[in-house]
Amino acid sequence: MTAPIMNQPMGGNQQMAGMNEQEQAMVKMMTGAMESCPVKTVISGVMGFGLGGAFGLFMASMSYDSPLTPQGRAIADLPWREQARRGFKDMGARSWSSAKNFGIVGALYSGTECCIEGLRAKNDLTNSVAAGCITGGILGAKAGPQAAAFGCAGFAAFSAAIDAYMRMPSDDD
């Protein structure tokens with residue numbers, strides 16, 4: 001039997017090797033926080049907000065009114081500075097709206113999936129399908145029961161497809 005190497009935890013965790021006890025406690029605390037449902041929910045919401053903002057900004061910059069439509073003609077008749085002001089104002093409004101929506105969806109899905117995983121004590125495809133169904137149902141509930149059912153089915157199918165793809169074995173192994 002070999003003796004443990006000095007400054008290495010008894011568990012043989014190579015990542016903790018060379019750290020003092022305070023550093024090890026800090027790493028454990030940070031790891032525990034990253035695995036908690038509230039932290040995962042907040043991180044997903046913030047990341048969704050950022051992604052949604054970028055997506056909304058991109059989509060708003062790609063939409064334009066043709067001078068052949070009444071709205072396009074009205075804008076084309078304005079001075080350039082006013083056209084730019086209205087365009088940037090529209091881009092900001094669309095970006096903000098998209099950011100809020102993506103943030104809500106990201107936080108709702110992530111929090112739901114984390115809670116389901118904690119209750120089931122398993123990490124499998126069922127968690128993402130159930131979280132997708134609950135998220136889709138909540139998002140569609142304002143439009144009525146039929147919309148909630150379609151939202152549930154749609155989000156569950158999308159979640160299953162994405163999770164199945166993410167769980168596929170990689171060729172790097």
Side-chain angles (χ1 to χ4, degrees), residues 15-16 23-66 71-72 75 83-173:
Q15 294 173 341
M16 296 279 203
E23 290 169 335
Q24 291 176 6
M26 186 64 105
V27 168
K28 286 180 183 178
M29 183 187 72
M30 291 169 70
T31 303
M34 291 300 293
E35 292 177 0
S36 74
C37 288
V39 172
K40 282 183 180 180
T41 301
V42 169
I43 288 173
S44 295
V46 169
M47 290 178 70
F49 186 86
L51 180 66
F55 182 75
L57 187 64
F58 174 74
M59 294 306 290
S61 70
M62 297 310 254
S63 73
Y64 56 89
D65 284 323
S66 166
Q71 297 89 358
I75 291 173
Q83 288 179 26
R85 189 186 71 74
R86 286 190 184 186
F88 285 129
K89 187 175 181 181
D90 181 53
M91 287 170 63
R94 288 189 191 190
S95 181
W96 179 255
S97 174
S98 184
K100 285 192 309 186
N101 291 335
F102 273 60
I104 289 168
V105 170
L108 185 59
Y109 176 81
S110 179
T112 304
E113 184 181 35
C114 187
C115 290
I116 292 170
E117 184 177 322
L119 288 171
R120 294 185 66 235
K122 289 183 183 177
N123 184 354
D124 58 8
L125 191 65
T126 304
N127 295 343
S128 60
V129 171
C133 179
I134 291 169
T135 301
I138 290 171
L139 293 173
K142 282 186 180 179
Q146 187 176 10
F150 278 118
C152 171
F155 255 86
F158 182 72
S159 298
I162 295 297
D163 202 17
Y165 176 76
M166 295 300 287
R167 291 177 186 272
M168 284 178 27
S170 66
D171 294 335
D172 296 341
D173 295 335

Worksheet entry | Pairs involving residues 43-60, ordered by first then second residue, that meet side-chain hydrogen bond (donor to acceptor under 3.5 Å, both in side chains) (sequence neighbours left out) | Ser44-Ser110
Taking all heavy atoms of [X] and all of [Y], pick out the closest pair and write down the distance.
| X | Y | value |
| --- | --- | --- |
| Ala107 | Gly45 | CB-CA, 3.8 Å |
| Val129 | Ala160 | CG2-CB, 3.6 Å |
| Glu117 | Lys122 | CG-O, 3.1 Å |

Set of residues satisfying side-chain hydrogen bond (donor to acceptor under 3.5 Å, both in side chains) with respect to [X], sequence neighbours excluded:
| X | result |
| --- | --- |
| Thr135 | none |
| Ser159 | none |
| Asp124 | Arg120 |

[X] [atom1] to [Y] [atom2] distance, which is reported to the nearest 0.5 Å:
| X | Y | atom1 | atom2 | result |
| --- | --- | --- | --- | --- |
| Asn101 | Trp96 | CG | CH2 | 11.5 Å |
| Leu139 | Leu108 | CG | CG | 5.5 Å |
| Ile134 | Ile116 | CD1 | CD1 | 4.0 Å |

Practice prompt. For residues 144-167, pull every pair meeting salt bridge (Lys or Arg N to Asp or Glu O under 4.0 Å), keeping only residues two or more places apart or in separate chains.
Written response: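 Salt bridge (Lys or Arg N to Asp or Glu O under 4.0 Å) check on residues 144-167 returns Asp163-Arg167.
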Worksheet item: Please, which pairs that meet salt bridge (Lys or Arg N to Asp or Glu O under 4.0 Å) have at least one residue in residues 136-159, sequence neighbours excluded?
Response: none
Worksheet item: Residues two or more places apart in sequence or in another chain: which of them pass side-chain contact (heavy atoms from CB on, under 4.5 Å) with Gln83?
Response: Ile75, Leu78
Worksheet item: Residues two or more places apart in sequence or in another chain: which of them pass side-chain contact (heavy atoms from CB on, under 4.5 Å) with Ala84?
Response: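 Listed in chain order: Trp80, Phe88.
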Worksheet item: Which pairs with one or both residues in residues 95-130 pass disulfide (SG to SG under 2.5 Å), sequence neighbours excluded?
Response: Cys37-Cys114
Worksheet entry | Enclosure of Met91 CE (heavy-atom neighbours >12, cutoff 6.0 Å) | yes
Worksheet item: Quick one: do Arg94 and Asp90 make a salt bridge, cutoff under 4.0 Å?
Response: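 Looking at Arg94 and Asp90, the cut-off is met.
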Item to complete: Sort and list the pairs that fulfil ring pair (Phe, Tyr, Trp, His ring centres under 6.0 Å) and have at least one residue in residues 97-132, not counting sequence neighbours.
Response: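 Checked against ring pair (Phe, Tyr, Trp, His ring centres under 6.0 Å) - neighbours excluded - the pairs reaching residues 97-132 are Phe55-Phe102.
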Item to complete: Would you mind listing every ring pair (Phe, Tyr, Trp, His ring centres under 6.0 Å) that reaches into residues 115-166, with sequence neighbours excluded?
Response: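 Qualifying pairs: none.
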Worksheet item: Hey, is the main chain of Ser95 close enough, under 3.5 Å, to the side chain of Ser98 for a donor-acceptor pair?
Response: no
Discussion item. Just to verify, what does Cys133 make a disulfide bond (SG atoms under 2.5 Å apart) with, not counting sequence neighbours?
Written reply: Cys152
